[in-house]
Amino acid sequence: MMPFIIKNLPILIVITPLMFSLIVAVLNNNRLAWTFSTFASFLTMIFTILLCFEVSYKSNISYYLGNWPPPLGIEYVIDRISIIPIMIVSVIGLIATLFAHNFFTLEIDEKLVSKTYSLWLLTIAGLIGLITTADAFNLFVFLEISSLSAVALVALGSKVDRKALVAGYNYLILGAVGATFYVIGVGLLYGVTGTLNMGDLAQKIPALGLNKSVIVAFTFMMLGIMVKAAVFPLHIWLPNAYAYAPSPVSVLLAATSTKVSIYIIVRISYTIFGSSYEIYSFESLRYILLYLAILAMFAGTIMAIFEKDVKKLLAHSSVAQIGYIVLGISLATSTGIASSFIHLINHALIKAGLFMSIVAMGYYTLKRIDVKTIAGLGRQLPITFFSFVICALSLAGLPLTVGFISKLYLIKAAYISEGIWLPFLILVSSALSLIYIWKLIEGLWYNEKSLKIEKIKELPEIYLPLLVIAFLNIYFGVDASLIIDNSFIASDALMSGIK
Amino acid sequence: MIGEIIINAFLVTLMLTIAIFIINTRKVISTILLTGTYSLVAALMFVSLDAVDVAFTEASVGAGISTILFLAALSYLPKEEKEEKFNVKHIYAICTCIIVAGLLIWASYDLPLVGQLENPVHQNLAQDFIEGSRNHIGIPNVVTSILASYRGYDTFGETVVIYTAGIAVLVLLYDGVSKTSKIHKENNK
Amino acid sequence: MINSKSITLFLFLFGFWLLMSGHYTVLITSLGVISCLLCVYLTIKGNFLDNETIPIYFFPRLIQYTIWLIKEIFISNITTAKVILSKSEDPELFSVKATQKTNEGKVTYANSITLTPGTVTTQIKDNVFEVHALTKEFGNDVRGSEMDRMVTWLEEGK
Amino acid sequence: MLDLSIQIISIISFVGGVFFILTGSIGLIRLPDVFSRIHAAGMIDTAGASFIILGMILQSGFSLITAKLVFIGIFIFFTSPITGHVTANLARKKGVNPIGKTKGKTL
Amino acid sequence: MANEFYIYLSILTPLIAFFITPLLSSNPNLRDSLGPIGGLITFYSSINIASLYLDGEVLSFTFFQISETLSISFKITGLGVIFGLVASGLWILASIYTIGYMRGNKEKNQTRFFTFYSIAIFAAICIAYSGNLLTLFIFYEVLTFSTYPLVAHKQNEEAKKAGRIYMGILVGTSIVFLLPAIIIVWVLTGSLDFSTNGILKGNIPNEYVTFLLALFAFGIGKAALMPFHKWLPAAMVAPTPVSALLHAVAVVKAGVFSMLVVITYVFGIDFLTETNGAVWLIWISSITLLLSSCIAITKDDLKARLAYSTISQLSYIVLGGAIATNIAVQGASIHIVMHAVGKITLFFAAGAIYVATHLSKISDLNGMGKSMPLTFVAFFIGSLSIIGVPPMGGSWSKFYLMLGSVEKDYLLVIYILAISTLLNVYYLLEIPAKAFFQQKRTNIQVTKHPLTVYPTFFAAILTIILFIYIEPLKDITNLIFGN
Amino acid sequence: MIDQIFGVWNYWIVFILMMIGLYIVISKKSLLKKIVGLAIFQTSVFLLYITFGKIAGGTAPILTDNLNEIYSNPLPHVLILTAIVVGVATTALGLALTVRINKAYGTINEDEISASDLVEYHEKYLEDKK
Amino acid sequence: MFLAVLIALSVSFLLILVRLIIGKTTYDRILAANSIGTIIVLAISVHGFYMGRPEFIDISIVYALINFIGTVAVLKLFDKGTLGDK
Amino acid sequence: MDNLILKVCTKVLFTPIILFGLYVQFHGDFGPGGGFQAGVIVAAAFILYAMVFSVEDCKVIMPPKLNFFLLALGAFLYGFVGIIGLILGDPYLSYDVLGTTKEAGQHIGILLVEFGVGLTVCNVMISLFYSFANFNFGKKNND
């Protein structure tokens, strides 16, 4: 049994949630559906952990789907780089699934819950599939699986607020345009190289020299994915989508979906075009990305400061955080990319925790979670508040939390390649972020309760995910070597592909 | 093979005409019918470009199911669009489109010419697929053998996508009476 | 379940399959049989395996009728083309009475009227058809009710 | 010899088909109202289609394609009157009045 | 191991107090006794550490490794010993006083208060014994965040606003300036560990020294250099024990301590002298010193005046560091002790007055000296110490500072010190003078709480003791730059 | 020469078609029209792919017994089959959302929707003030 | 020969397209769309012959089918205002 | 639609359309077509029936529960064929091991897989139509 599993790990992590989603959909019992989903995501995580060990001494696992060798068939590649986002998705997936049960039964029509779990697992499967694939077109298919299911999940928030529908619609249209742009890019590349496998493409592109189609293809692919990753001017779908989605969906999407897209940006720019990166536009694109990232940092933070709706506030903050991650990528140095990876992981942990604790506080209202409505709830829900504070301080970059580690490395990288002005900007924006964080903490703890609900008590079922995420936030802030070492290994691996 | 080229050019221009008409039609039903026709012509184009399977699919999906879905949705929607004045958004859209089109046209100078045998697209893989389909799989329709075997995983993904859409629409258009849970009835008075 | 209609339908469908298929291996043909059975099953399940679906009693006189119809169509096509090209249309709307008893008969009659260009059935109320004709001549043809007689003849069967 | 005659017959039938189709489309543009245009459309569907299919049948010789072409023909024959009739029916139902040559309406 | 035991003991004691306090919320007496007991234990271990340090033992250990070059580690330095002694020693006093204040004033949420009080002390002691910049920074932030609930203790709008200013300036400066400075050091040297002669020498272009020092100087907002001093007066809304903690024991001392540490152990005074990188800091601190003294005069609120006094006194210490000679740094470090004791006396007195009479305006204190003689005598002694009049401890530090500036020929600095002393005299002595020699205006009910008065008086006596018994302190300061 | 012109002509028109689709998506206010635009956009992209796969004088990639036959490249066809399905999935989902939006808002005009949201926001704001 | 037929079909296609676009009543459009369907069905068959691979007639059948169903759908929509049961 | 002609003709056309769909399904190996197109054609027959008669009538032939089950089953079948490959020791979606020879295995695999696609597509399309056609317009959703 074991060798069989070991041999097929790369595909098992994708098809486990996928196949379970097909089974879950036809179940009638909500509790059973949840159990199945949890089981599926648990299995996925176990497989991912096994895969981690496997990758750590094989460094590069290639899996031929359908037993056809790569340029003909589709290939899965798992290496030290891709294992990071896979880990994020599967761990957060499990935590969010554990968390989801109470909220789905509450926020969604009873009869739709099992189907919702199906969509939920599809999102997870789609995201993992996106990461593992080494085929440019297969990536598109999984992009669509994940985004269609995510759109549906977002729109399910319409039971609470009709704006969820518009948010879902915009997400869908922008996402589809982005995906189509990506497809155009792939098409142009295919037109000039005749292959779709990423490794194969990377080998063939340098031979083409300064080819206009390749440059345009690169631009289009990047643009397409940047929509999905919500890089600054293309982020407009994100705040509403995260804010109006049902609670568990916000948790899952905020923590994983953009991270995966950013990983793809890295993959495209370094793996496919990396070997010809001196010739091509990446050097100039780097600066475009850099400035966009800086804009994102400030725009997101400032929007968040003036926002009253807490989920939307966190979504705006996500835009800013994506800015940090993209900034790391745009530095195009080993340290920069490593810092991006570090922040990728850490931000997933932070945002998952923040959204979980915030929506847990909104559990009793089912209305929009406003700074006012949650006032004073912190004292009534101490565990939730505790994990919220941990994650919020982590977001602000307080030492001993993961946020600090990522900021530390990001600034180091920025300082090394751009001098002092960039760290300074980063820090100003992160100091600004303290304003909204503090607004929330203060509101939760010091303000008088505005809700007239008597029976507020915490749900014991969500203690586990909340405490786990708070623990992770602290643990990796204290003993960060696991994240840091792996990120550096990944970034070195990426950079070594560039001559 | 000048005939082929002329047919292609004609069809493509025809599509352009239809598309231009679609922009400014305000009657939704006409838009839908024109879109259906657009798909039909595209399918015809696919036939003339030797992509029979694609034509088959485009005909049944683009012209068929899509149109029916549009019509089904239209029964709940206003039948006529609101009049739009030319505004900044249009200028913005036009600029975006011109830039993107400019980029693409610029790129097209380095694209291989249509239909040349020596294009990289035809030099790589294609022959392997055809030979493989003939010798290893034994199915005359190369498209099917790639679809189901070589790139079977893509097709699995595609099936899952359509499944996702099915479930998503099912969930979104579920018209049961929504039940509010007990807690909220108490709390949201 | 198994009656003359279902068997006839099955045979028709299977014939259709064989004509379409072109690959007469055991696998494909057995799949064909299964498919045809499925189709028959669906009609039974939907409870519409009746005379309207498969009017067996039409068959004896069907070929003769079809030939006659094609001839009619050909003639009226030429006439219509003349009318269109010469711009001499003179439309009229009138009612005729159909003498068919069954639905399938009426439908055949109405379709035949519509199939011959120059005349279109616009409404059916019980057994009164409202017909739109391109010119008076076409109208006279229909009113002459030769077609009506032919269809009734077809309907009677053997 | 046989080939040649089949060729000639098929060309003739193509020509016939094209003639009817073109006439039909001219009719679609020229004729005054929906009801009259249905006749033109019917012409395309019946004579135009059948002649062209006939031409192709002659071209293809006797094979599976013939069967399929026949099926297309039957199908078109089957569906054309339905759509024509339903369109006319609906137009009548929704109060579109046929235009006569001399005056507006006849019954 | 046996020696490191004392470090563990001194760090863990307040931490344990932090964890136990909430559990004892139902038993106030037991809960409140935790503070003095913890203080005694910590002070005991701090004395042991000091004596071990004087014996030349090198005490250091790494708590854990974050990554290859980053770790959280502790190491005993001369400055650290002094700060550790101050923090732990005054904790005993402060905790006793706090009991009196909180009970006398019948404050709410006492458990929360004591909890965060302990964690603040914990952070201060960790700062004292930190072995590298990262550790220092981390506990610096912990200190900031743990004192926020204390500042905003009253939970009204004013307290929250003050809390926002407090957090905004301290966290803002530390993130925007201090963090990049630390990272620059990290990038340049690859290490953050303290070394007695500094670690930057040879690793940084000379022209960047000024810039980097500026980042540090403004980044350490707790040192209250002039543009970033606003948080200190704002935080005055807090209960007086907190003010005592902020202004005497933990927070501001942590700030100036960090400043001195950075100057001596990161830059190294020789290096600073060589590059003249700290000259500007002398002027900035001098300006702060004078200006804040002037502002203090205009304040009628007792605690606000003390706050501005603190700002000015802190600048003495920064000035000592900026002069960057052995003697000046020694003076600065002695001033940490002296000012701490003196200022805590003043705050205790202010708190005692508030508990007894609920007065906070200086103009209302006329003639109160007769009803609260012990308190005002203590206040008088404390003032003298701050001013630097000889039988009090404060005179030593000023003496050393002047020596230092003479050594470097900064004559202007001496004048500034003199002027500021005169201002001190004016704004501090005005209060006991009014209390003793003016006519009592209204009938004010005086209800003293004994636990507020005696610690105050004891602290006053401590200033005198420190003047006489200065030798051990001098021994320690001699070891700041290694044996 | 004519090969050259028509060789690029197809691309150009396809690009322009794409842009028409994109233009509709960006500029039109009707949510339904946006979906139509998206469909046009995607269909045009499909055409681009299929154009890549074409070989002049080739035939459809369904094997015959003639071994010397030139077949057009089948790979783009497969890709586009997948893409068409994805496209119809997107369309269906978009339509479902549009229908729901129309039900919730009573309009599918972007401007009116945001106006309606704004009104709701203000009402809520006034409520809060009370 | 086939090319000539194709061209003729294209011409009639264009003519009908004019009707589709100018419309007048919706029924005209429906009629035109239906006729365009028929034309394309024929065109595909003829194109198959023209290219020498006439075995793809299936596409035409699908076309005819889809055309019919589409027309029915449009008509139903106009008749009942919905495609489902009211 | 209460139209006699349409009703009668739909009854007549229903089975041939489905059969044609199935023909396309099973002849995807030899000519254009395959699971996806077949699914659409079969679904088109059902949709036609539902339009001309009523959705309720169509639900007699294809009950929603069965429809939903088949919808999931099709994709599951596809995935499961892949898993069989896994169990027999080959990578995912490898059909070589399904039959006695590689070629036979490929044939079986492709047939099953295409059937899965067809099943899903057909049922998704029917399900889409059901959803759209019977979306409850009168009731307000956000109560």
Side-chain angles (χ1 to χ4, degrees), chain A residues 335 338-339 342 376 379 382 389 392-393 396-405 407-417 419-435 437-439 441-443 445-448 476-485 487-488, chain E residues 22 63-72 109 112 123 133-145 148-149 152-157 159-161 163-164 166-188 190 192 208 211-212 215 219:
Chain A
T335 330
S339 69
I342 294 170
R379 274 176 280 172
V389 169
L393 295 182
L398 191 81
L400 292 185
T401 56
V402 288
F404 177 67
I405 303 291
K407 214 146 277 178
L408 203 64
Y409 278 89
L410 192 64
I411 291 168
K412 184 183 177 187
Y415 177 69
I416 290 175
S417 44
I420 188 69
W421 64 273
L422 194 52
F424 189 71
L425 286 176
I426 294 170
L427 286 166
V428 169
S429 96
S430 96
L432 284 176
S433 71
L434 206 67
I435 296 176
I437 288 163
W438 207 252
K439 189 167 81 178
I441 293 182
E442 201 184 87
W445 186 261
Y446 285 104
N447 286 353
E448 282 312 308
F476 285 117
V478 172
D479 181 15
S481 51
L482 187 67
I483 291 176
I484 293 171
D485 293 348
S487 302
F488 271 97
Chain E
F63 187 54
F64 56 75
Q65 206 76 25
I66 290 179
S67 72
E68 248 170 73
T69 51
L70 295 178
S71 65
I72 292 188
N109 296 326
R112 190 177 82 200
L133 268 176
L134 182 73
T135 318
L136 189 127
F137 179 74
I138 287 170
F139 289 106
Y140 181 94
E141 294 288 348
V142 173
L143 185 56
T144 316
F145 279 89
Y148 172 80
H153 183 76
K154 281 186 183 147
Q155 280 185 279
N156 51 17
E157 261 320 301
K160 267 188 274 177
K161 203 179 158 197
R164 268 178 232 148
Y166 178 76
M167 288 294 293
I169 292 180
L170 288 187
V171 180
T173 51
S174 72
I175 286 182
V176 177
F177 299 117
L178 184 56
L179 190 56
I182 290 173
I183 289 169
I184 290 172
V185 172
W186 183 37
V187 171
L188 290 174
L192 289 172
Y208 287 171
F211 173 68
L212 191 57
L215 282 184

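Lettering follows sequence order; numbering is per chain, from 1.
For A:Ile416, the part lying near chain E is the side chain, with the backbone staying farther off; criterion is any non-hydrogen pair under 4.5 Å. Heavy atoms of A:Leu432 lying under 4.5 Å from chain E are absent altogether. A:Ile420 touches chain E through its side chain: at least one heavy atom from C-beta onward sits under 4.5 Å away, while N, CA, C and O do not. Heavy-atom distances place no part of A:Ala414 under 4.5 Å from chain E, backbone and side chain included. Looking at E:Ile72, only its side chain comes within 4.5 Å of chain A, counting heavy atoms on both sides. Heavy atoms of A:Leu425 lying under 4.5 Å from chain E are absent altogether. A:Phe404 touches chain E through its side chain: at least one heavy atom from C-beta onward sits under 4.5 Å away, while N, CA, C and O do not.
Taking CG of A:Leu427 as the start and CD1 of E:Ile183 as the end, the distance is 6.5 Å to the nearest 0.5 Å. With values rounded to the nearest 0.5 angstrom, A:Lys407 atom NZ is found 6.5 Å from E:Ile175 atom CD1. Once rounded to the nearest 0.5 Å, the distance linking CZ of E:Arg164 with NZ of A:Lys439 reads 10.0 Å. The structure places CE of E:Met167 at 3.5 Å from CH2 of A:Trp438, a figure rounded to the nearest 0.5 Å.
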Apply side chain to side chain contact (heavy atoms under 4.5 Å, CB included) to A:Leu408 and E:Leu179, showing your working.
-> CA-CA 8 Å; A:Leu408 203 64; E:Leu179 190 56; 4.0 Å; yes
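Heavy atoms only, all atoms of each residue included: E:Gly172 and A:Ala431 are closest at CA-CB, 4.3 Å.
Counting heavy-atom pairs closer than 4.5 Å to chain A, the top residue among E:Val176, E:Val142, E:Val171 is E:Val176. When each of A:Ile405, A:Val478, A:Val428, A:Ile426 is checked for heavy-atom pairs under 4.5 Å with chain E, A:Val478 comes out on top. Interface remark: of the candidates E:Phe139, E:Tyr148, E:Phe137, E:Tyr140, E:Tyr148 forms the most heavy-atom pairs closer than 4.5 Å to chain A.
Ring-centre distance between E:Trp186 and A:Tyr409: below the 6.0 Å cut-off.
For A:Ser481, the side-chain hydrogen bond (donor to acceptor under 3.5 Å, both in side chains) partners two or more places apart in sequence, or in a different chain, are A:Asp479.
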